[in-house]
Amino acid sequence: MSPSGGDDVDDLPGFSLAVSQNRYLSTEDDEMHAVLTVTATGAVGAAAAPEVAQVIAIDCSGSMANPPTKITAAQRATRVAIDALRDGALFAVVEGTHAARMVYPARPGLVAADRATRDAAKRAVGGLTADGGTSMGVWLGLARRLLAGHPTAVRHVIMLTDGQNGESDEVLDAELARCAPVFTCDSRGIGEDWQPRQLLRIAEALHGTADAVRRPADLAGDFEAMTMSAMGKLVPEVRVVVRTTSLSRLDFLRQTFPTEADLAGEQVQARTTAFTTGSWGAESREYHLRLTVDSSDVEPDRDIRVGRVDLELRRPGATGFEQACDPQVVFAHWTDDLKLSSVLDPKVAHYTDQIELGEAVRNGCDAHDAGDVATAAAEWGRAVALATQLGNEKVLVRLLRLVDVVGDPSGGVVRVKERPLAGDLLSAAVGSVVSSMSPDGLSSTPPVRSPAATPSAPDVVCPDCHRTWPAGSAFCGACGHRLSAP
């Protein structure tokens, strides 16, 4: 039996934790980087499905009526999500404007899904109308209060908006901090007037996803998929616990796959920080850990423990955490052998480039919004090269809606399409945090990195128009002049 009195651990997903790092540091290095891979396989036993609770928050501000296909799509998608709830799942629908109002049930609370409640909820959704402002923190606050009474459940929120939040960043951030321990949230933007950075902030704080709805007809399938994913979660909450030593200090732990997201840690003991990661099904995620390390009083040429990583879970029906698998140790080994210390772990290198990819996509979007097409081409060209190198097809597909590639994609030379659609720009910006799985861990030789992604390689200046392009570019994205031999 578990400490909480639940079923045997075999009724839960089997968790594994692996650390990938190059433990060898030069005597001048004071940073240790490692990638943590956490994998949850399917439940070994025939576990009963955990209690699950979902709130659907629909933007009903005045702009949702322009065009009216947005509110119609939202109604249709909400009905589909309600039908996707499994029997017994707790749910509610919330209307979001400058206030938050219960759509179903009529009074604040959650109801169990069955044929009667589903039909009643779908009828109530038919009465949604568009009128008012946009206060996302208020919507999330109502969802928090509805879900707070079910602390042992898998708790999930779907939020749809078509506009920019009318609250200050401070007000929204304060509400996100209150919501983070309560539920995960997947947010979607429809139309052309919402802010990708606002939805990404919500997704990051609440361990969910953010994305653009490119066509209103796509919304129903997306709502169904998000609901089915929530119904498939088996563990309400998992956390990564990092313990440092007298030789180390925690700098950060950030999620790197399947999306990039900073994680907020909570100090639970001296030198011990816990990072919650939300609910889990059968899946894999990866995290980048960085420690500052001190070699001043350390004997060289031997392994020194500088950190320990534990994985803990909160099982269905429980409020406390227990160990999910064996802990892993992070080592440092200071050496004068440059052949050993100069090798970059492939997983660490992968996510360093992934961060650069996301920044290039977002910088290109900002430049395009400002009317600087040349800078947008340079940034998106760099992003195309990095996405090609990293095998990140999801980001590459979004980029190719904005640019035409000149020559080999790894060369990073593109021409911006004459009139990229506003929805495609939003899709690229909000999708910039989508990452690809890292390669295998440390090998005996350093990974080969393309010239376009090598930080030390100089940029190339076009001799005709004097535009600057990433190293390795074959053509100028502004005038088409060849920059290097094919």
Side-chain angles (χ1 to χ4, degrees), residues 55-59 61 63 94 96-98 100 133-144 147 155-213 222 226 252-266 275-279 285 287-288 351 354-366 369 394-395 398 422-423 425-435:
V55 174
I56 306 171
I58 301 300
D59 186 343
S61 59
S63 57
V94 169
T97 58
H98 53 279
T134 303
S135 297
M136 299 178 193
V138 175
W139 313 346
L140 295 172
L142 177 54
R144 170 176 54 82
L147 294 168
R155 296 175 289 184
H156 180 243
V157 171
I158 294 175
M159 190 191 83
L160 175 71
T161 186
D162 81 323
Q164 301 179 29
N165 190 34
E167 303 162 319
S168 68
D169 291 344
E170 292 76 15
V171 168
L172 179 59
D173 285 346
E175 182 56 49
L176 292 176
R178 291 188 286 267
C179 291
V182 180
F183 61 82
T184 61
C185 179
D186 293 317
S187 55
R188 296 294 184 265
I190 191 171
E192 300 178 355
D193 298 319
W194 51 278
Q195 280 288 337
R197 282 181 170 82
Q198 289 178 347
L199 294 198
L200 289 173
R201 175 73 188 98
I202 292 170
E204 180 177 78
L206 303 183
H207 309 295
T209 64
D211 211 343
V213 181
D222 199 9
M226 288 187 286
F252 62 75
L253 180 75
R254 67 188 318 269
Q255 181 176 288
T256 50
F257 176 82
T259 58
E260 298 176 73
D262 291 329
L263 299 179
E266 176 188 4
F275 297 86
T276 60
T277 65
S279 54
R285 303 183 198 177
Y287 304 90
H288 180 190
Y351 289 124
Q354 180 63 47
I355 292 172
E356 185 180 349
L357 167 59
E359 290 174 347
V361 174
R362 292 187 290 274
N363 289 343
C365 291
D366 289 342
D369 288 345
K394 292 181 179 179
V395 171
R398 298 179 190 228
L425 287 163
L426 291 169
S427 176
V430 78
S432 63
V433 299
V434 176
S435 58

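- What you find for Leu425 and Cys365 is that their closest heavy atoms are O-SG, 3.9 Å.
- Between Arg178 and Glu175 a salt bridge is recorded (basic side-chain N to carboxylate O distance below 4.0 Å).
- Between Glu260 atom CD and Ile355 atom CD1 the span is 5.5 Å, to the nearest 0.5 Å.
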Run the side-chain contact (heavy atoms from CB on, under 4.5 Å) test on Val55 and Phe183 for me, step by step, so that the C-alpha distance in whole Å, both residues' side-chain angles and the decisive distance to 0.1 Å come before the verdict. CA-CA 10 Å; Val55 174; Phe183 61 82; over 6 Å; no

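- Annotation: side chain of Val138 is in contact with side chain of Glu167 (closest heavy-atom distance under 4.5 Å).
- Asp366 has a carboxylate O that lies under 4.0 Å from a charged side-chain N of Arg197, or vice versa, which qualifies the two as a salt bridge.
- From Glu204, atom CD reaches atom OG1 of Thr209 across 13.5 Å, with rounding to the nearest 0.5 Å.
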Could you please spell out the steps behind the side-chain contact (heavy atoms from CB on, under 4.5 Å) verdict for Thr134 and Gln164? CA-CA 7 Å; Thr134 303; Gln164 301 179 29; over 6 Å; no

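- A 4.5 Å side-chain heavy-atom check between Asn165 and Gln195 finds every atom pair outside the cut-off.
- Note that CE of Met226 is 9.0 Å distant from CD1 of Ile56, once rounded to the nearest 0.5 Å.
- The minimum heavy-atom distance between Leu253 and Leu263, with the atom names listed, is O-CB, 3.4 Å.
- Under the 3.5 Å distance criterion, the side-chain polar atoms of Ser435 are matched with a main-chain donor or acceptor of Thr256.
- The nearest pair of heavy atoms linking Ala212 to Ser427 is CB-CA, 3.7 Å.
- One finds a salt bridge joining Arg254 and Asp262 here, because a Lys/Arg side-chain nitrogen approaches an Asp/Glu carboxylate oxygen to under 4.0 Å.
- The minimum heavy-atom distance linking Thr184 with Ser279 is given by the pair CG2-N, 3.9 Å.
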What do the steps show when you test Arg362 against Val433 for side-chain contact (heavy atoms from CB on, under 4.5 Å), and what is the final call? CA-CA 10 Å; Arg362 292 187 290 274; Val433 299; 3.8 Å; yes

Worked verdict on Val157 versus Leu147 for side-chain contact (heavy atoms from CB on, under 4.5 Å): CA-CA 9 Å; Val157 171; Leu147 294 168; 3.7 Å; yes

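- When the ring-ring contact (aromatic ring centres under 6.0 Å, His included) test is applied to His288, the partners found at least two apart in sequence or on another chain are His33, Phe252.
- By the salt bridge (charged side-chain N to carboxylate O under 4.0 Å, His left out) test, Asp193 is found to be paired with no residue, residues two or more places apart in sequence or in another chain being considered.
- Atom CD of Glu192 is separated from atom OG of Ser63 by 12.0 Å, given to the nearest 0.5 angstrom.
- With Thr161 as reference, Leu199 is the one residue of Ile202, Leu199, Ile58, Ile190 to meet the side-chain contact (heavy atoms from CB on, under 4.5 Å) rule.
- Of all heavy-atom pairs between Gly163 and Gln198, the closest is O-OE1, 4.4 Å.
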